[in-house]
Amino acid sequence: MADKSEPKTILIVDDSRISRMMLRAIVECEFSHWNILEAANGEEAKRLSETNHIDFITLDMNMPGLDGLTVAPELKLNSPGVKIALITANFQERVRAKAETQGLVFIPKPITEDKVLNFLER
């Protein structure tokens, strides 16, 4: 369970600005002292993970360029111990199985405050 008093860093990766804004609002409401980074694609996420210590990542599955499942292993290498949630509307069992194989938390869309906070408070 995340210590609410200890500042953490979360990276929100989604090509949708609206989705990033929504996720940011949920995190800021509950964890106002956390550092929130945003990336619009997998390449930007990789760059941010190389230069920042990241505790949590929310990762969209479908993005131009590197999709969530492709970039997740590199993000984990750059931020050992990071907890990653794969957020997707793709409910195919193979996607869920690959996410679980990589140690990712699978969060189905639509995004809700409860789903996000449940991931962050593990």
Undergrad: Are I87 and F106 joined in one hydrophobic group, where the rule is that I, L, V, M, F, W and Y side chains link up if heavy atoms are under 4.5 Å apart?
TA: no
Undergrad: Between the side chains of K109 and D60, is the shortest nitrogen-to-carboxylate-oxygen separation below 4.0 Å, so that they form an ion pair?
TA: yes
Undergrad: Tell me whether L59 shares a hydrophobic cluster with L11, the cluster being built from Ile, Leu, Val, Met, Phe, Trp, Tyr side chains joined at under 4.5 Å.
TA: yes
Undergrad: Return the CG to CG distance between D15 and D67, rounded to the nearest 0.5 Å.
TA: 11.0 Å
Undergrad: Which pair of non-hydrogen atoms, one from P108 and one from K115, has the smallest distance, and what is that distance?
TA: O-NZ, 2.9 Å
Undergrad: Give the intermediate values and the outcome of side-chain contact (heavy atoms from CB on, under 4.5 Å) for residues M21 and R24.
TA: CA-CA 5 Å; M21 288 171 57; R24 175 182 277 277; 5.6 Å; no
Undergrad: Counting N and O atoms only, with roles assigned by atom type, does the side chain of N52 sit under 3.5 Å from a partner on the main chain of I54, one being a donor and the other an acceptor?
TA: no
Undergrad: Are V13 and M22 connected in a single hydrophobic cluster, I mean Ile/Leu/Val/Met/Phe/Trp/Tyr linked by side-chain heavy atoms less than 4.5 Å apart?
TA: no
Undergrad: Check the pair E121 / E30 against side-chain contact (heavy atoms from CB on, under 4.5 Å), numbers first and verdict last.
TA: CA-CA 10 Å; E121 293 177 344; E30 192 70 22; 4.0 Å; yes
Undergrad: What do the steps show when you test V116 against L23 for side-chain contact (heavy atoms from CB on, under 4.5 Å), and what is the final call?
TA: CA-CA 8 Å; V116 174; L23 285 163; 3.6 Å; yes
Undergrad: In this structure, would L48 and W34 fall into the same cluster of hydrophobic residues linked by side-chain contacts under 4.5 Å?
TA: no
Undergrad: Hey, are the side chains of I12 and I36 touching, using non-hydrogen atoms and a 4.5 Å cut-off?
TA: yes
Undergrad: Do side-chain atoms of K83 reach the backbone of V105 as a donor and acceptor pair under 3.5 angstrom?
TA: no
Undergrad: Does L120 belong to the same Ile/Leu/Val/Met/Phe/Trp/Tyr cluster as L86, with side-chain heavy atoms less than 4.5 Å apart forming each link?
TA: no
Undergrad: Identify the heavy atoms of M63 and G68 that sit nearest to each other, and give their distance.
TA: CE-N, 4.1 Å
Undergrad: Answer yes or no: is there a donor N or O on one side and an acceptor on the other, between the side chain of Q102 and the main chain of L69, under 3.5 Å?
TA: yes
Undergrad: Between S79 and V82, is there a donor-acceptor pair closer than 3.5 Å when you use the side chain of the first and the backbone of the second?
TA: no
Undergrad: Is any NZ, NE, NH1 or NH2 atom of the basic residue among E43 and K46 found under 4.0 Å from an Asp or Glu carboxylate oxygen of the other?
TA: yes
Undergrad: What's the shortest heavy-atom distance between L75 and S49, and which atoms?
TA: CD2-OG, 3.5 Å
Undergrad: Identify the two heavy atoms, one from G42 and one from V71, that lie closest to each other, and give their separation to 0.1 Å.
TA: O-CG2, 3.6 Å
Undergrad: Using only atom types and a distance under 3.5 Å, with no angle test, would you say the side chain of T70 pairs donor to acceptor with the backbone of L66?
TA: no
Undergrad: Closer than 4.0 angstrom, basic N to acidic O: yes or no for E74 and K76?
TA: no
Undergrad: Can you classify the ring geometry of F119 versus F56 as parallel (below 30°), tilted (30 to 60°) or perpendicular (above 60°)?
TA: perpendicular
